[in-house]
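Data block below; observations after.
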Amino acid sequence: MEQLHRASSLLQLDPATLTILEHPRRTIQVSVAVRMDDGSLRVFEGYRVQYNNARGPYKGGIRYHAQTDMDEVKALAFWMSVKCAVVDIPFGGGKGGISVDPKMLSHGERERLTRGFARAIAEVIGPDTDIPAPDVNTTPEIMDWIADEYAKVVGHAAPAVVTGKPLASGGSEGRGTATGQGGFFILESVRQKIGLDPETSSVVIQGFGNAGQSIARLLHRHGYIIVGLSDSRGGIVPDHGLDPELVHQHKEKTGSVFGFPGATDVTNEELLVHPCGILIPSALENQITKDNAHSIKAKIILELANGPTTPEADTILADAGVTVVPDVLANAGGVATSYFEWVQNRENTHWTESEVFTKLEETLRIAFEDVWAVKEQYQVDMRRAAFVLAIRRIKEAMRVKGWM
Ligand code: NAD
């Protein structure tokens, strides 16, 4: 809301538009009863928030995390509305989640929980109404279970109800690495604007999951030096640059990046303030706060995670001359490629990875230039510029629909 208000004061937004944007259109909370492997029954709370659909069907991922609650899902759903408008795809914003630590569940329990959740929300999702996707701790396999369960409820296959599916069931080439790939394209655009040499650019990445791993591999391949990585257990800082593939193999064997040979183990707090040129938060929200923003050494922060920087930290970083590339632009490669998957499903077609990434690069290049133009026009940071751009677009869609 603070981010919305900062942008709306610049735009001198009318009270009616602001009021609509301050409230999700629909919030749904469901209880999902799951038979556990030991025969007991447990009930999990699940959420779906449909924030704004002025520009198209609600779109947004589903998160499985112990700390997930309705407030978190609402914030994420609002960001999705902004993000889809920034990259100018015909979707609104939504988000979902279940309060659960999926690592405590067996494969079968995860499947029963997912299918139960899909049945509980089936009547409010659909290819033309609300289209879920993966987020933290959810995978292509989980998306496939949702599509399968939805098909049973409506009585026919409808793969476009969910994106991020496996290739075998209508997924798009490139979706698995799209968020990292998109972040890379955006970083390239930033590099051209402010002049940055990969060979002398050191990078720290917090979070080594879908988003973090894919950008780590791309940056490594393009000559950037990775000087820190982490996951939920903690971080590693090497004597020399890290090879993400070797770290991945270590994580596969041991369950964590922690203890990687030739690197020193650090806490996640230490990792964030480790000396580097580019910091890429790729884990969870509220990691860069007023308590650590002053100590951050990076000159560029590329937000692959959603909401990693608090508004207070934003102000501190702007004053220190740090370029923060906001989540709603930096990680939009995921949702843009989800849109491409949805289009392919609707058209019963299949694009090659190179077609997907060509379209992705073009979409993100235009979005970046649009944001940069607003930044220059108002002389503001990129987050505020992205919000101004998005709110203008959403407002126009609401106006032509006669919502206010
Ligand atoms: P993921 O579950 O694949 O990976 C999350 C990673 O973060 C894991 O390595 C985990 O160990 C680590 N982590 C968790 N808590 C941590 C902590 N406190 N400190 C350090 N690391 C921690 O999830 P993901 O899909 O890569 O999503 C990561 C972020 O990117 C989230 O904010 C998500 O909303 C955002 N995002 C993801 C996508 C996508 O397509 N997957 C798209 C846009 C945005």
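Just follow the structure's listing: the first ligand is 1, and inside any ligand the first atom is 1.
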What part of [X] sits under 4.0 Å from ligand 1 if we count only heavy atoms: the side chain, the backbone, both or neither?
X: Arg233; result: neither
X: Asn306; result: both
X: Ala178; result: neither
X: Leu304; result: backbone

Considering heavy atoms of the protein only, find what lies nearest to [atom] and give residue, atom and distance to 0.1 Å.
atom: atom 33 (C) of ligand 1; answer: Asp135 OD1, 3.3 Å
atom: atom 26 (O) of ligand 1; answer: Ala211 N, 2.8 Å
atom: atom 11 (O) of ligand 1; answer: Ser232 N, 2.9 Å
atom: atom 2 (O) of ligand 1; answer: Asn137 N, 3.0 Å
atom: atom 18 (N) of ligand 1; answer: Gln287 OE1, 4.4 Å
atom: atom 28 (C) of ligand 1; answer: Ser282 O, 3.3 Å
atom: atom 8 (C) of ligand 1; answer: Gly209 N, 3.9 Å
atom: atom 25 (O) of ligand 1; answer: Asn210 CB, 3.7 Å

Shortest heavy-atom approach to atom 32 (O) of ligand 1 - which of Ala283, Gly212, Gly235:
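Heavy atom nearest to atom 32 (O) of ligand 1 belongs to Ala283.
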I need the atoms of ligand 1 closer than 4.0 Å to a non-hydrogen atom of [X], numbered in the order shown.
X: Leu284; value: 15 (N)
X: Asn268; value: 19 (N), 20 (C)
X: Ser230; value: 20 (C)
X: Arg63; value: 31 (C), 32 (O), 33 (C), 34 (O)

How long is the span from the CG atom in Asn286 to the CD atom in Gln67, to the nearest 0.5 Å?
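Atom-to-atom, Asn286:CG and Gln67:CD are 11.5 Å apart.
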Can you tell me how far CD1 of Ile98 sits from CG of Leu113, rounded to the nearest 0.5 angstrom?
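These two atoms lie 4.0 Å from each other.
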Heavy-atom gap Glu285 to ligand 1 smaller than 4.0 Å
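The answer is no: ligand 1 sits nowhere under 4.0 Å from a heavy atom of Glu285.
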Hey, is Arg175 one of the residues with a heavy atom under 4.0 angstrom from ligand 1?
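Checking ligand 1 against Arg175, which is what was asked, there is a heavy-atom contact under 4.0 Å.
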Compute the ring centroids of Tyr339 and Phe91, then answer whether they are less than 6.0 Å apart.
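Judged by ring-centre distance (under 6.0 Å), Tyr339 and Phe91 do meet the cut-off.
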Between [X] and [Y], how do the two ring planes meet: parallel, tilted or perpendicular, split at 30° and 60°?
X: Phe184; Y: His222; value: tilted
X: Trp351; Y: Phe340; value: tilted
X: Phe387; Y: Phe78; value: tilted

Scan side-chain atoms only and decide if [X] and [Y] contain a donor-acceptor pair under the 3.5 Å cut-off.
X: Asp37; Y: Ser106; result: yes
X: Glu173; Y: Thr352; result: no
X: Asn137; Y: Lys103; result: no
X: Glu22; Y: His5; result: yes

Should Leu18 and Leu4 be marked as a side-chain contact (heavy atoms from CB on, under 4.5 Å) after you check the CA-CA gap, both sets of side-chain angles, and the distance that decides it?
CA-CA 8 Å; Leu18 183 59; Leu4 169 64; 3.9 Å; yes
Considering both backbone and side-chain atoms of [X], is one of its nitrogen or oxygen atoms within less than 3.5 Å of a nitrogen or oxygen in ligand 1?
X: Phe208; value: yes
X: Asn331; value: no
X: Lys83; value: no
X: Val136; value: no

Using a 6.0 Å cut-off, check whether atom NE2 of His350 has over 12 heavy atoms from anything other than its own residue.
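Yes - once you tally the heavy atoms of other residues, nucleotides and ligands closer than 6.0 Å, there are more than 12.
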Check Lys193 with Glu369, please: is the shortest side-chain N to carboxylate O separation under 4.0 Å?
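Salt bridge: yes.
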I'd like to know if Glu285 and Arg63 make a salt bridge, using a cut-off of under 4.0 Å between side-chain N and carboxylate O.
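A salt bridge links Glu285 with Arg63.
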